[in-house]
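Presented below is the structure to which this report refers.
Worth knowing before you read on, the calculation uses all heavy atoms, side chains too, and leaves out hydrogens, waters and symmetry mates.
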Amino acid sequence: MKTKTSKANTNAEKQRRYRDRQKALGHKQVRGYVSPQAMSCYEEIRHKTQWTDNEVLSNALRITYAAYRCGQIKLLNEWLKDHNR
């Protein structure tokens with residue numbers, strides 16, 4: 001049976017390997033790992049709106065929730081596809 005310390009070390013090692021894989025793929029951690037294309041969209045939003053990281057996340061969640069509540073998720077997804085986002 002493994003001790004708590006070895007299990008914690010195992011989980012930490014798994015997390016480290018995951019972070020290394022994401023970095024190797026060119027993903028950058030913002031509030032999770034994002035692709036280079038997503039990072040360029042994120043930077044474009046921050047530049048145009050002058051929002052902080054917290055404001056970008058909060059407003060993105062609000063927009064997504066509002067689209068969900070109004071039954072407009074399909075419309076939002078179509079706009080993203082049409083604009084190659």
Side-chain angles (χ1 to χ4, degrees):
M1 182 156 126
K2 292 186 177 182
T3 64
K4 240 183 180 177
T5 320
S6 67
K7 186 175 182 179
N9 289 338
T10 303
N11 287 338
E13 183 62 26
K14 287 179 185 178
Q15 291 171 2
R16 187 190 60 76
R17 287 193 310 259
Y18 174 76
R19 288 191 303 271
D20 290 344
R21 278 195 314 270
Q22 294 304 314
K23 287 177 187 175
L25 291 172
H27 296 179
K28 182 177 177 186
Q29 184 176 11
V30 177
R31 283 184 180 255
Y33 289 92
V34 295
S35 67
Q37 181 186 9
M39 193 65 205
S40 70
C41 291
Y42 170 78
E43 291 299 332
E44 182 182 344
I45 290 169
R46 289 200 58 207
H47 177 71
K48 287 182 178 181
T49 61
Q50 300 297 309
W51 288 342
T52 64
D53 181 48
N54 286 336
E55 291 169 328
V56 169
L57 178 63
S58 177
N59 289 330
L61 291 172
R62 287 178 180 161
I63 289 167
T64 305
Y65 182 72
Y68 164 75
R69 293 294 293 174
C70 296
Q72 299 297 316
I73 289 290
K74 183 177 179 185
L75 180 66
L76 180 60
N77 284 334
E78 290 298 320
W79 185 91
L80 292 169
K81 287 179 189 174
D82 292 345
H83 291 85
N84 296 323
R85 302 297 174 145

Atom of [X], atom of [Y] and distance for their closest heavy-atom approach:
{"X": "G26", "Y": "P36", "answer": "O-CG, 3.5 Å"}
{"X": "Q50", "Y": "E55", "answer": "O-OE1, 4.3 Å"}
{"X": "R46", "Y": "D53", "answer": "NE-N, 4.3 Å"}

- request: Step by step, work out the side chain to side chain contact (heavy atoms under 4.5 Å, CB included) result for L57 and N54.
  value: CA-CA 5 Å; L57 178 63; N54 286 336; 5.7 Å; no
Between atom [atom1] of [X] and atom [atom2] of [Y], what is the distance when rounded to the nearest 0.5 Å?
{"X": "R21", "Y": "R16", "atom1": "CZ", "atom2": "CZ", "answer": "10.5 Å"}
{"X": "I45", "Y": "N59", "atom1": "CD1", "atom2": "CG", "answer": "10.0 Å"}
{"X": "D20", "Y": "L25", "atom1": "CG", "atom2": "CG", "answer": "11.0 Å"}

query: Which pairs count as ring pair (Phe, Tyr, Trp, His ring centres under 6.0 Å) when at least one residue sits in residues 35-85, sequence neighbours excluded?
result: W79-H83
query: Any side-chain heavy atom of L61 within less than 4.5 Å of one from T64?
result: no
Where at least one partner belongs to residues 62-78, residue pairs that pass salt bridge (Lys or Arg N to Asp or Glu O under 4.0 Å), sequence neighbours excluded: none
- request: Give a yes or no answer on whether the side chain of S40 reaches the backbone of Q37 with a donor-acceptor pair at less than 3.5 Å.
  value: yes
